[in-house]
Amino acid sequence: MASSADGSGLATWQPQEEGLREICGLLEQQMAPTSDDKSLIWQKLQHYTQFPDFNNYLAFIFARAEGKPLEVRQAAGLLLKNNLRSAFKTMPPANQHYIKSELLPCLGAPDRQIRSTAGTVISAFVQIGGVAGWPELLLALVKCLDSNDPIHMEGAMDALSKICEDVPQLLDADISGLSERPINVFLPRFIQLFQSPQTTLRKLSLGAVNQFIMLMPTVLYMSMDKYLQGLFVLANDPAPEVRKLVCSAFVQLIEIRSAVLEPHLRNVIEYMLLVNKDSDDEVALEACEFWSAYCEADLPPENLREFLPRLIPVLLSNMAYADDDESLVDAEVDGSLPDRDQDLKPRFHSSRFHGSEDAEDEDDDIVNVWNLRKCSAAALDFLSNVFGDEILSTLMPIIQANLSITGDATWKDREAAVLALGAIAEGCINGLYPHLPEIITFLIPLLDDNFPLIRSISCWTLSRFSKYIVQGIDHQQGREQFDKVLVGLLRRILDDNKRVQEAACSAFATLEEEAAEELAPRLDIILQHLMCAFGKYQRRNIRIVYDAIGTLADAVGGELNQPKHLEILMPPLIAKWQQLSNSDKDLFPLLECFTSIAQALGPGFSPFAQPVFQRCINIIQTQQLAKVDPVSAGAKYDKEFIVCSLDLLSGLAEGLGAGIESLVSQSNLRDLLLQCCMDESHDVRQSAFALLGDLARVCPVHLHSRLPEFLDVAAKQLNTTKLKETLSVANNACWAIGELAIKVQKDMSSVVLTVISYLVPILQRPEGLNKSLIENCAITLGRIAWVCPELVSPHMEHFMQSWCLALSMIRDDVEKEDAFRGLCAMVRANPSGALSSLVFMCKAIASWHVSDVLTFFIKTF
């Protein structure tokens with residue numbers, strides 16, 4: 001495809017005109033705005049990758065094709081960068097050398113876009129091949145930085161800034177052949193460039209140094225005074241992008257190395273207060289991050305206390321919607337307009353999990369885009385949790401003043417005041433508590449405000465006080481207020497504005513979780529509103545209705561199982577169920593909703609169970625076929641269909657109990673489930689083992705014919721080098737083994753010792769594992785010991801201490817009781833094996849809080 005100038009090989013590689021013309025032509029077509037079939041052009045470009053010197057052509061076009069449009073040269077450079085990841089390892093050294101030799105001169109190219117693209121490709125080279133693989137690069141970069149030529153300095157600094165961003169650790173490493181680490185050479189030059197008259201060089205050099213705050217190489221630590229001096233000089237830089245980087249540096253330092261800022265803290269706080277009001281929103285946003293970071297840092301609150309009277313008004317001012325906030329446009333969208341595909345948020349189903357989950361609460365903020373408003377509210381939230389009621393003396397007069405202002409022109413200030421009340425709802429609750437009835441009374445009418453964003457934020461703020469609203473139900477005034485909030489939120493659920501609908505549904509779901517059974521007397525009106533919304537909402541918000549219905553089912557449980565309630569609830573859901581195809585992703589939230597309903601209704605779900613059960617089976621079968629043959633399946637594979645279906649089957653098993661047996665016996669669920677237990681997807685296996693345990697509880701007879709296979713594949717989840725990556729799978733598999741053990745008893749004797757050999761190491765080395773897996777391992781070990789004590793007891797002295805320690809941490813329940821029955825059975829079978837662990841056994845027994853159970857175990861021993 002190429003020729004050499006003197007016949008001596010690739011050292012003087014030259015492109016052939018025909019190849020050069022073809023590739024340039026394709027790149028031009030690719031970049032043309034009127035090009036019809038970009039995918040066909042892309043396929044042709046990919047075809048060229050089979051030629052060893054294709055990337056040489058791209059490097060030549062990028063570096064030397066000066067007669068071609070700039071966009072074509074850039075496209076060649078970016079395509080070269082993308083190709084490097086797959087082609088670098090097999091690329092002949094001569095080709096690598098040629099490409100590198102073409103890239104280096106581009107650092108001084110007259111055109112900034114060429115220099116920038118060269119920096120991107122150079123950084124990709126360093127990521128893949130390391131610094132040691134290109135010694136000429138470091139020399140070239142130093143030479144450019146020291147050249148005093150603005151173009152070469154900018155080109156080198158651009159490349160270095162990208163390397164620092166992508167792989168900073170490579171510059172802070174010892175490299176064979178170099179007397180010192182690269183960062184030791186570059187960092188003093190970076191700091192020197194803080195004084196450059198060129199804005200770009202100040203920005204790039206500061207950004208590069210900031211990348212090393214986390215790593216804190218020795219040279220930066222030793223140069224900290226110079227770095228801080230440089231930051232203070234740049235603090236008033238005329239360029240907002242530089243001021244933003246100064247703020248970013250202070251935020252990172254307060255998070256990671258707060259001690260270095262302590263001598264300068266007053267000056268830094270004063271500066272952050274100033275730039276928190278910067279005319280550039282991005283600078284103000286970066287400055288605002290400082291307050292939350294400070295609250296989380298190991299610094300005394302006293303340093304910030306005196307600034308609160310000046311800081312809080314700034315935060316409240318910045319919480320008002322900016323004129324160009326996209327939410328202002330979104331808030332005006334007619335609720336009757338169908339959602340576009342791009343309006344739909346990506347959703348992620350959480351696979352079923354048995355045990356005490358260590359998950360964090362989901363963010364309950366209704367604002368989707370991180371901006372100055374949201375950041376300011378978060379900062380106020382943090383401050384309220386650190387300083388508590390101290391901030392109320394400054395904050396409440398401003399909130400009251402803003403809320404008292406009437407008129408359309410000031411609605412943003414009123415809205416920000418309501419947001420502020422929600423932000424401090426947790427941290428300042430002691431000071432607010434005596435005034436909560438008045439605050440709630442004031443907020444309720446705002447649910448009917450003319451401005452949709454005031455209505456939506458009022459929903460959110462009321463939800464932040466849900467716990468206290470529910471606590472007041474015990475007395476007449478509190479009960480009346482609860483009903484007003486409930487009815488107000490239900491009214492807003494039927495709002496014509498999509499943003500308000502979303503906020504109201506989310507707020508109502510929070511209230512549902514707090515109120516639980518208190519909702520039972522009000523189920524009729526709740527269901528009527530939710531099902532009316534179900535018929536009114538467009539695709540995006542209807543998912544939130546599903547969540548609200550599911551949360552309601554979880555909250556009221558069996559109270560839902562009354563004909564008058566089911567007549568309202570089920571027909572619209574069944575109609576939607578029948579309307580959606582098995583490959584429609586809108587089915588996901590409906591499957592989740594049905595899972596909660598099936599669990600809540602229990603046997604009351606029986607009239608709906610057969611078609612739901614069969615459809616889940618069909619979906620799983622279709623998806624398993626789609627994985628290997630999508631054409632025959634008539635569907636594209638998506639594991640979430642399997643996960644949601646498995647979880648709904650688990651919900652049916654939990655709800656129907658033994659009533660699911662007839663459905664299981666007439667299906668091939670057992671065989672499908674075994675396939676899912678062996679699936680390569682963690683999420684599928686997690687849900688599959690959850691279902692296995694649920695079926696073991698209610699109809700183990702239908703698992704019996706393949707019991708050895710189920711036990712074998714479940715046990716393997718506990719004996720993997722990737723255990724920490726698949727904790728939830730191992731957790732559910734472990735729980736399922738325990739459930740099977742107490743049902744099949746002696747029939748699992750063939751795998752007992754294998755399972756024990758996998759459980760014991762987990763109990764002995766629990767570091768880095770979650771609480772639930774440790775608990776389930778302890779319980780399952782006890783259950784196996786209960787049904788097969790003669791097999792387990794001879795080995796008990798090897799694990800008694802770690803096992804008893806784990807048992808002592810488990811909450812009192814029936815599963816813990818099973819485990820202790822196993823402990824009793826083992827001690828009876830092998831009393832001498834327990835002697836060396838007597839103290840640990842006593843501690844485990846003493847962990848029981850139920851006196852009659854404790855007495856039983858003491859008598860047993």
Side-chain angles (χ1 to χ4, degrees), residues 335 344-345 347-350 357 359-368 422 425-426 440 443-444 447 455-471 473 482-495 497-557 559-560 565 568-569 572-573 588-600 647 651:
L344 303 178
K345 298 177 186 175
R347 61 167 305 287
F348 303 97
H349 174 80
S350 297
E357 193 139 26
E360 295 182 1
D361 292 337
E362 291 182 7
D363 183 8
D364 58 358
D365 200 311
I366 60 171
V367 185
N368 298 318
E426 180 182 306
I440 305 302
L443 288 171
I444 290 172
L447 293 171
R455 300 199 298 274
S456 65
I457 201 62
S458 300
C459 291
W460 178 75
T461 296
L462 281 167
S463 76
R464 296 274 286 174
F465 293 110
S466 288
K467 178 180 177 181
Y468 305 98
I469 294 170
V470 172
Q471 284 178 355
I473 290 179
F482 171 81
D483 284 328
K484 287 180 181 177
V485 171
L486 179 73
V487 171
L489 289 177
L490 290 174
R491 195 163 59 247
R492 291 287 60 80
I493 282 174
L494 298 183
D495 201 289
N497 184 278
K498 291 182 181 181
R499 180 68 177 271
V500 179
Q501 293 169 0
E502 181 180 1
C505 273
S506 297
F508 184 69
T510 303
L511 186 67
E512 287 176 319
E513 291 173 349
E514 292 291 345
E517 67 276 359
E518 297 292 348
L519 298 174
R522 304 160 174 87
L523 269 176
D524 275 355
I525 186 172
I526 292 171
L527 287 170
Q528 286 166 4
H529 279 78
L530 288 178
M531 301 325 291
C532 184
F534 186 79
K536 176 177 185 173
Y537 283 12
Q538 301 302 319
R539 286 177 64 200
R540 172 173 164 168
N541 282 351
I542 204 167
R543 299 175 178 187
I544 307 172
V545 179
Y546 288 136
D547 289 342
I549 294 170
T551 305
L552 179 66
D554 294 336
V556 301
E559 294 289 343
L560 199 58
H565 299 328
I568 301 172
L569 175 65
L573 293 179
F588 293 154
L590 183 53
L591 288 167
E592 292 173 353
C593 182
F594 268 127
T595 302
S596 294
I597 292 172
Q599 290 169 310
D647 288 351

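- Residues Thr551 and Phe508 are not in side-chain contact: their nearest non-hydrogen atoms beyond the backbone lie 4.5 Å or more apart.
- To the nearest 0.5 angstrom, Arg455 atom CZ is 4.0 Å from Asp495 atom CG.
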For residues 524-533, run the donor-acceptor check on the side chains, cut-off 3.5 Å, and write out each pair with its distance to 0.1 Å, sequence neighbours left out.
from, atom 1, to, atom 2, distance (Å)
Asp524, OD1, His565, ND1, 3.0
His529, ND1, Ile525, O, 2.9

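- Separating the CD1 atom in Ile542 from the SG atom in Cys593 is a distance of 10.0 Å, to the nearest 0.5 Å.
- Taken to the nearest 0.5 Å, the CZ atom of Phe534 stands 9.5 Å off from the CG atom of Leu569.
- The closest side-chain heavy-atom distance from Glu559 to Glu517 is not below 4.5 Å.
- In this structure, the side chains of Ile597 and Ile549 come closer than 4.5 Å at one or more pairs of heavy atoms.
- Contact annotation: the side chain of Cys459 approaches that of Leu447 to within less than 4.5 Å [non-hydrogen atoms, C-beta and beyond].
- Across all their heavy atoms, Glu512 and Ala555 have their closest contact at O-CB, 3.6 Å.
- Atom-to-atom distance recorded for Leu486:CG and Glu518:CD is 11.5 Å, nearest 0.5 angstrom.
- Using a 4.5 Å heavy-atom cutoff, the side chains of Leu552 and Leu523 are in contact.
- For the atom pair CD1 (Ile440) and OH (Tyr468), the distance works out to 11.0 Å, reported to the nearest 0.5 Å.
- Side-chain contact between Cys505 and Val545 is present, with at least one heavy-atom pair separated by less than 4.5 Å.
- Residues that satisfy the side chain to side chain donor-acceptor pair (under 3.5 Å) test with Asp547, not counting sequence neighbours, are absent from this structure.
- A side-chain contact (heavy atoms from CB on, under 4.5 Å) with Ser456 holds for exactly one of Gln501, Glu502, Arg499, Lys498; it is Arg499.
- The residue from Leu511, Thr510, Ile469 that alone fulfils the side-chain contact (heavy atoms from CB on, under 4.5 Å) condition with Ser463 is Thr510.
- Across all non-hydrogen atoms, the minimal contact from Gly422 to Thr461 is N-CG2, 3.5 Å.
- Here the OG-CG distance, from Ser596 to Leu591, works out to 11.5 Å after rounding to the nearest 0.5 Å.
- In this structure, Glu426 places its CD atom where only 12 or fewer heavy-atom neighbours from other residues, nucleotides or ligands lie under 6.0 Å away.
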